[in-house]
Structure formats: structure tokens, C-alpha cells
**Q** 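Structure provided below as C-alpha cells; questions to follow.
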Amino acid sequence: MPRPLFIVDLEATCWDDRPKYTVAQMEIIEIGCVLATPDGVVLDEFDTFVRPTREPLLSEFCTRLTSITQSDVDSAPVYTEAMRQLDAWVNSRPGIWGSWGNYDYRQFVAIEHSHPSQAAFLQMPHVNLKRPWKKSTGHRRTGLRAAMAFHKLEFEGRHHRGIDDARNIARLLPFIDYDRLRAAVGALNTESQNPSGH
Ligand code: AMP
Ligand code: MG
């Protein structure tokens, strides 16, 4: 640090007519990623839809929530190919990756069990940005929209689209106390954790 940070936001298959399901049943349908400085300047972006293979048909609910359509995913690469493209984009800029909450990390862990990608990206340490944000602001409500509202920021783009979510998360970085972010990243060095390493 202050190295740039990759911020990832995943979208995945979801349903409103299933009483209960886990990340193991969900499949990634979008990988949105921005490379941002700790003060929130976006240096580069990567975005791809991903074609789900176990249940290729998106529910109407999922399309309504994410705005991602059946034809978006039908013409998209499958997960392992999408991760190959992500790696090519990251190229020689490894660092750490963060997400808003732990969902994205857990979703990678789940899919890596069934579709190991060997992605170098997932060898990078992960930080849950909600934690240092919460410590920095003392604010309890950590949903993305609530966090933005706390700073009087309007959400830009379409909430629940991976790339738009990632861009908006980057806008919260200036409000994360730099030492707290560093501490969260520093703690990772003693915690060996990466989705492909489990
Ligand atoms: P998000 O990053 O908040 O857009 O959420 C990531 C994924 O979590 C979505 O693509 C959905 O699969 C699932 N998800 C998020 N919000 C909901 C919701 N209100 N109901 C059902 N699934 C959701
Ligand atoms: Mg999202």
C-alpha cells in the first residue's frame, strides 16, 4: 500500500420461487472489476458476463434484479474462460482485491470447488471493505446503498450490475480511513486465505 486495489462485484443466478438456496447453487453471471487507488480514482476497468452451465436459463426475477438478459449470458464465456480473461487484464499488476461484504469471496469459493479456474487473480488476498469502512465511520448500516446515502452520494448506474456496483464501491474508498484499510490488508498476511487454496 498505497497500491491500487481491485474491487470486484459479482452477479449470480437467483430465484424468487425457491425457499432457500446457497452460493453453491448460484452461478456467476457477471464479473465486474475496477482497479482503483485508495482515494477512489478508477484507473482501469474489466467487465464480462458469464454463461451459467448448470442452470443456463435465467429466472425472470434474476433479469429484473440485475437487468442481465438471457442473450447477454448466452453469448458470454463460461466461468473458467472469463477468469482467463480477467487474469489477462490484471496482467502484471497483482495486488489485493476487495469487495463490499464477503458474498463475492464466498461465491468464488463455491464455484472453484466445481470449476477450478487456476486463476492467478484468486491467489491475491481478499479484503472485505465493509469492515474498515464500518470502523472508519462508526456507521452500523453497511448495505451499499445505505453506505452511499451516509456520505450523501447518489448511486450512479444500475444497482445490481456488477460493473456499476464496483464503480460505486470505489467511490466509498476515500471514506475508509487509510490506516484501517492498511490494517485490514495487513491482517491478511497472517491469515492465508484465497478461494482456490481451500
Ligand atoms: P449484488 O452485488 O448486491 O448485486 O448481489 C449479488 C448477487 O446476489 C445478485 O446477482 C443475486 O444473485 C444475489 N442477490 C442480491 N440481492 C438479492 C435479492 N434482493 N434477492 C435475491 N438475490 C439477491
Ligand atoms: Mg452487484
Side-chain angles (χ1 to χ4, degrees), residues 5-36 42 44-90 97-124 126-130 143-145 147-148 155-172 194-196 198:
L5 176 77
F6 294 93
I7 298 176
V8 170
D9 191 90
L10 302 177
E11 302 305 327
T13 50
C14 51
W15 305 267
D16 59 350
D17 55 358
R18 297 187 187 181
K20 216 172 175 187
Y21 54 89
T22 66
V23 287
Q25 275 108 44
M26 296 160 74
E27 290 176 89
I28 296 171
I29 57 172
E30 184 187 2
I31 302 171
C33 184
V34 299
L35 178 64
V42 172
D44 202 359
E45 296 188 347
F46 173 88
D47 186 33
T48 184
F49 294 121
V50 181
R51 178 157 45 91
T53 53
R54 207 176 330 111
E55 294 188 76
L57 288 185
L58 299 186
S59 69
E60 279 177 29
F61 171 78
C62 188
T63 291
R64 229 177 12 251
L65 180 78
T66 61
S67 80
I68 298 170
T69 65
Q70 189 63 46
S71 66
D72 288 335
V73 293
D74 282 348
S75 54
V78 295
Y79 170 71
T80 47
E81 169 59 17
M83 292 305 280
R84 210 190 50 73
Q85 293 178 12
L86 177 64
D87 269 359
W89 172 75
V90 169
W97 72 279
S99 58
W100 196 253
N102 264 333
Y103 157 73
D104 308 82
Y105 177 81
R106 292 190 302 108
Q107 187 66 70
F108 272 133
V109 171
I111 190 153
E112 285 289 322
H113 275 302
S114 52
H115 296 80
S117 69
Q118 316 280 346
F121 187 91
L122 297 177
Q123 301 299 324
M124 300 195 289
H126 169 254
V127 59
N128 172 1
L129 294 168
K130 271 186 183 179
L144 181 53
R145 273 190 179 282
M148 297 194 66
F155 193 94
E156 288 173 0
R158 176 74 161 72
H159 189 26
H160 300 306
R161 266 297 311 273
I163 188 65
D164 289 339
D165 286 352
R167 287 176 182 148
N168 282 281
I169 295 165
R171 294 169 65 210
L172 291 171
N194 66 66
S196 54
H198 279 248

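Along the sequence shown, residues carry numbers from 1. The shown structure was predicted, so the numbers you read here are calculated from the model rather than taken from an experiment.
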**Q** Suppose we screen for salt bridge (charged side-chain N to carboxylate O under 4.0 Å, His left out). Which residues come up paired with Arg161, at least two apart in sequence or across chains?
**A**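 Only Glu30, Asp47 meet the salt bridge (charged side-chain N to carboxylate O under 4.0 Å, His left out) criterion with Arg161.
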**Q** To the nearest 0.5 Å, tell me how far Ile31 CD1 sits from Asp104 CG.
**A**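 Those atoms lie 10.5 Å apart.
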**Q** Do the ring centers of Phe6 and Trp97 come within less than 6.0 Å of each other?
**A**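 They do not qualify: ring centres at least 6.0 Å apart.
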**Q** Given 3.5 Å as the limit, does a donor-acceptor pair link the side chain of Asp16 with the main chain of Phe61, or not?
**A**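 No; judged by distance alone, with no hydrogens or angles, the pair does not exist.
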**Q** Only one of Val8, Val90, Asp9 clears side chain to side chain contact (heavy atoms under 4.5 Å, CB included) with Cys33; which?
**A**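 Between Cys33 and the candidates, side chain to side chain contact (heavy atoms under 4.5 Å, CB included) is satisfied uniquely by Val8.
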**Q** Are any of the side-chain heavy atoms of Thr13 and Leu58 separated by less than 4.5 Å?
**A**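 Result yes, sub-4.5 Å side-chain heavy-atom pair found.
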**Q** Rounded to the nearest 0.5 Å, what separates atom CG in Leu144 from atom OG in Ser99?
**A**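 Leu144 CG to Ser99 OG: 11.5 Å, rounded to 0.5 Å.
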**Q** Is it true that atom CD of Glu60 has more than 12 heavy atoms of other residues, nucleotides or ligands lying nearer than 6.0 Å?
**A**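 Atom CD in Glu60 is not crowded, with 12 or fewer foreign heavy atoms closer than 6.0 Å.
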**Q** Pro77 versus Thr48: any side-chain heavy-atom pair under 4.5 Å?
**A**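 Heavy-atom side-chain distance check passes, below 4.5 Å.
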**Q** How about Pro56 and Arg51: do any of their side-chain heavy atoms sit closer than 4.5 Å?
**A**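 Side-chain contact under 4.5 Å: no.
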**Q** Applying salt bridge (charged side-chain N to carboxylate O under 4.0 Å, His left out), can you list everything that pairs with Arg158, at least two apart in sequence or on another chain?
**A**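 Expected list: none.
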**Q** Side chains of His159 and Asp165: any donor to acceptor distance under 3.5 Å?
**A**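 The answer is yes; a qualifying pair exists.
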**Q** Here's a test for you: under ring-ring contact (aromatic ring centres under 6.0 Å, His included), which of Phe108, Tyr105, Phe121 qualifies with His126?
**A**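 Among Phe108, Tyr105, Phe121, the one meeting ring-ring contact (aromatic ring centres under 6.0 Å, His included) with His126 is Tyr105.
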**Q** With no hydrogens and no angle check, is any side-chain donor or acceptor of Gln25 less than 3.5 Å from a backbone partner on Thr22?
**A**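 Present.
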**Q** Nearest 0.5 angstrom please: Phe49 CZ to Thr69 OG1, how far?
**A**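 Nearest 0.5 Å value for the CZ-OG1 distance: 7.0 Å.
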**Q** Taking Arg167 first and then Glu45, would you say they form a salt bridge - that is, a charged N and a carboxylate O separated by under 4.0 Å?
**A**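 Between Glu45 and Arg167 there is a salt bridge, with a charged N closer than 4.0 Å to a carboxylate O.
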**Q** Among all residues two or more places apart in sequence or in another chain, which pass the salt bridge (charged side-chain N to carboxylate O under 4.0 Å, His left out) test with Asp17?
**A**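 With sequence neighbours excluded, Asp17 shows a salt bridge (charged side-chain N to carboxylate O under 4.0 Å, His left out) to no residue whatsoever.
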**Q** Salt bridge or not between Arg171 and Glu156? Use side-chain N to carboxylate O under 4.0 Å.
**A**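 Result for this pair is yes, salt bridge flagged.
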